[in-house]
Amino acid sequence: MAMLNFGGTEEKVVTREEFPLEKAREVLKDETIAVIGYGVQGPGQSLNLRDNGFNVIVGQRKGGASWDKAVQDGWVPGETLFEIEEAADRGTIIQYLLSDAAQIEVWPRIKPYLTPGKALYFSHGFGITYNDRTNIVAPEGVDVILVAPKGSGTSLRRLFLEGRGLNSSFAIDQDATGRAFERVVALGIGVGSGYLFETDFKREVYSDLTGERGTLMGAIQGIFEAQYDVLRANGHSPSEAFNETVEELTQSLMPLVAENGMDWMYANCSTTAQRGALDWKDKFRDAVKPVFEDLYESVATGQEAQRSIDSNSQKDYRVKLEKELKELSDSEMWQAGRTVRKLRPENAG
Ligand SMILES: NC(=O)c1ccc[n+]([C@@H]2O[C@H](COP(=O)([O-])OP(=O)(O)OC[C@H]3O[C@@H](n4cnc5c(N)ncnc54)[C@H](O)[C@@H]3O)[C@@H](O)[C@H]2O)c1
Ligand SMILES: CC(C)(O)[C@@H](O)C(=O)O
Ligand SMILES: [Mg+2]
Ligand SMILES: [Mg+2]
């Protein structure tokens with residue numbers, strides 16, 4: 001592992017230069033990787049692994065949309081696509097990529113196939129960290145490892161096809177074979193990661209739950225709504241409110257921030273924007289920091305995990321969820337967004 005300096009703190013990371021694909025293929029040459037679940041991460045990881053030359057099979061319950069998608073993606077029933085139990089039986093590495101709620105339900109059917117020497121792989125620390133609530137406890141003889149891509153499975157695949165990669169964290173919870181490190185790093189490279197940084201299951205789940213509830217999704221939507229509503233309440237048109245809140249951010253500023261950092265953006269906007277952004281950023285930070293502290297506390301006490309488990313186990317949860325998602329989708333802001341996206345020159349006509 002390479003020691004790199006991240007703003008003054010030294011961290012151990014794995015890069016593709018140091019651990020190239022050929023090395024990953026060599027490490028996993030005798031393994032069968034069974035990807036269980038073909039939802040969002042399942043397709044991204046399994047297709048990248050397959051295209052990278054690894055021996056991959058998919059396990060998915062038959063008869064639903066995910067099974068059909070797997071067939072469309074070239075997985076062949078009876079050859080590379082199986083029911084969950086059969087794939088778990090055939091795999092030497094079991095990538096457990098069912099939804100976190102389904103992992104709890106299906107666990108008793110997976111456990112018998114975790115014979116000594118196999119590896120159990122997760123992309124989230126949820127099941128293991130909160131095992132007092134999930135009952136997911138791996139047998140002693142198996143490696144328990146994690147590669148968590150920091151982004152959607154959809155982007156993992158898209159970036160791979162563009163010759164790019166999403167960064168991932170990796171962790172080892174149990175090294176039964178002495179090979180857990182080479183296995184986890186080889187898998188991290190194989191699924192199409194950019195660089196890999198080290199974590200443990202608990203820190204992965206705490207940071208991931210914070211991030212998705214915070215700046216990645218929860219907080220950003222809250223900020224969008226607040227600004228959009230204030231602009232609309234003050235007589236601005238939906239077009240003006242949407243462009244000033246979302247479209248400019250995603251189309252113009254964030255690609256520049258991705259390339260160069262927000263520090264560069266602050267140095268490369270108008271002097272008027274620069275003065276205002278410098279003056280207002282601390283007010284926003286001070287307003288939301290207590291919310292982030294509450295959020296982290298709620299993650300650390302297990303309250304967020306319990307809420308997710310309880311919600312997902314309700315019989316009518318799907319119906320209620322659809323209703324909540326429809327409200328978001330029907331909001332004026334996201335309706336306006338659909339019109340704005342249609343009007344992008346690349347989509348128009
Ligand atoms: N969605 C992402 O992009 C993303 C990103 C990073 C990490 N993760 C983690 O990866 C793992 C997989 O997440 P996902 O979002 O890809 O999952 P998902 O919600 O897309 O579900 C995956 C599969 O689970 C199957 N499934 C659901 N309920 C089932 C049941 N009761 N019995 C059998 N199969 C069932 C579905 O058919 C689906 O194909 C999770 O641990 C998640 O936290 C997801
Ligand atoms: C893609 C995210 C939000 O990063 C992931 O953590 C998830 O749970 O879907
Ligand atoms: Mg997550
Ligand atoms: Mg995440």
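Residues: numbered from 1 along the sequence shown. All heavy atoms count here, side chains included; hydrogens, waters and symmetry mates do not. As the structure lists them, so they are numbered: ligands from 1, and atoms in each ligand from 1.
Close approach of ligand 1 to Val106 is summarised as follows: ligand atoms under 4.0 Å from at least one heavy atom of the residue are 32 (N), 33 (C). Within the listing of ligand 1, atoms 6 (C) sit less than 4.0 angstrom from a heavy atom of Pro149. Close contacts between ligand 2 and Gly151 involve ligand atoms 1 (C) [criterion: under 4.0 Å to a heavy atom].
Counted within 6.0 Å of CD on Glu140, heavy atoms from surrounding residues, nucleotides or ligands total 12 or fewer; the atom is thus considered open.
With distances taken over non-hydrogen atoms, the option nearest atom 15 (O) of ligand 1 out of Ile104, Val40, Ile36, Val58 is Val40. For atom 22 (C) of ligand 1, the nearest non-hydrogen atom from the set Leu156, Leu146, Leu97 comes from Leu97.
If you look at Tyr296 and Phe292, their ring centroids are not closer than 6.0 Å. Checked against the 6.0 Å centroid threshold, Tyr228 and Trp334 do not count as a close aromatic pair.
The single protein non-hydrogen atom nearest to atom 21 (O) of ligand 1 is Ser99 N, 3.4 Å, given as residue, atom name and distance. Distance from atom 3 (O) of ligand 1 to its nearest protein heavy atom, with residue and atom name: Gly153 N, 2.9 Å. When only non-hydrogen protein atoms are considered, atom 9 (C) of ligand 1 lies nearest to Ser123 O, 3.9 Å. Ser66 OG, 2.9 Å is the protein heavy atom nearest to atom 39 (O) of ligand 1. Residue, atom and distance of the protein heavy atom nearest to atom 31 (N) of ligand 1 are Glu105 OE1, 3.3 Å. Protein heavy atom nearest atom 32 (N) of ligand 1, with residue, atom name and distance: Arg61 NH1, 3.4 Å. Scanning all protein heavy atoms for the shortest distance to atom 37 (O) of ligand 1 gives Gln60 NE2, 2.8 Å. In terms of protein heavy-atom proximity, atom 13 (O) of ligand 1 is closest to Leu98 O, 4.1 Å. The shortest contact between atom 9 (O) of ligand 2 and any protein heavy atom is with Glu212 OE1, 4.6 Å.
Electrostatic pairing of Asp200 and Arg203 counts as a salt bridge here, judged by a charged N lying under 4.0 Å from a carboxylate O. With respect to Arg344 and Glu247, a salt bridge is recorded, a charged nitrogen being found less than 4.0 Å from a carboxylate O. No salt bridge links Lys118 with Asp143; every basic N to acidic carboxylate O contact stays at or beyond 4.0 Å. Using a 4.0 Å cut-off between a side-chain N of Lys or Arg and a carboxylate O of Asp or Glu, Arg232 and Glu240 do not qualify as a salt bridge.
The N/O atoms of Asp100, backbone and side chain alike, include one that comes under 3.5 Å of an N/O atom in ligand 1. Note: no N/O pair closer than 3.5 Å links Ala102 and ligand 1 by distance alone. In terms of N/O distances under 3.5 Å, ligand 1 is approached by Gln41. Any N or O atom pair closer than 3.5 Å counts here, and Gly42 shares no such pair with ligand 1. Some N or O of Asp208 is nearer than 3.5 Å to an N or O of ligand 2, by distance alone. At under 3.5 Å, a nitrogen or oxygen of Gly39, whether backbone or side chain, sits near a nitrogen or oxygen of ligand 1.
Residue contact check for ligand 1: Gly127 places no non-hydrogen atom closer than 4.0 Å to it. Residue-ligand proximity: Gly64 is placed with every non-hydrogen atom at 4.0 Å or more from ligand 1. Distances shorter than 4.0 angstrom do not occur between any heavy atom of Ala148 and any atom of ligand 1. Ligand 1 has at least one atom lying under 4.0 Å from a heavy atom of Tyr38. Within the structure, ligand 1 has Gln103 among the residues with a heavy atom less than 4.0 angstrom away.
The closest donor-acceptor contact from the side chain of Asn312 to the backbone of Ser308 lies under 3.5 Å.
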Give the C-alpha distance, both sets of side-chain angles, the deciding distance and a yes or no for side-chain contact (heavy atoms from CB on, under 4.5 Å) between Gln45 and Ser123. CA-CA 10 Å; Gln45 296 197 25; Ser123 285; 2.9 Å; yes

Apply the test side-chain contact (heavy atoms from CB on, under 4.5 Å) to residues Leu28 and Ile33: give CA-CA distance (whole Å), side-chain angles for both, the deciding distance (0.1 Å), then the verdict. CA-CA 9 Å; Leu28 301 178; Ile33 305 166; 4.2 Å; yes

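Rounding to the nearest 0.5 angstrom, the gap separating the CG atom in Leu49 from the CG atom in Leu187 is 6.5 Å. In this structure, the separation between CD on Glu332 and CG on Asp229 is 8.5 Å, given to the nearest 0.5 Å.
Scanning both residues, Thr15 and Ile189, for their nearest heavy atoms gives O-CD1, 4.4 Å. When all heavy atoms of Asp73 and Pro43 are compared, the closest pair comes out as OD2-CB, 4.5 Å.
Under the 6.0 Å distance and 45° angle rule, Arg285 does not count as a cation-pi partner of Trp280.
Classified by interplanar angle (parallel below 30°, tilted 30° to 60°, perpendicular above 60°), the ring pair Tyr38/Trp75 is perpendicular.
No other N/O/S atom of Glu212 lies as close to the Mg ion (ligand 3) as OE1 does. When distances from the Mg ion (ligand 3) to the N, O or S atoms of Asp208 are compared, OD2 comes out shortest.
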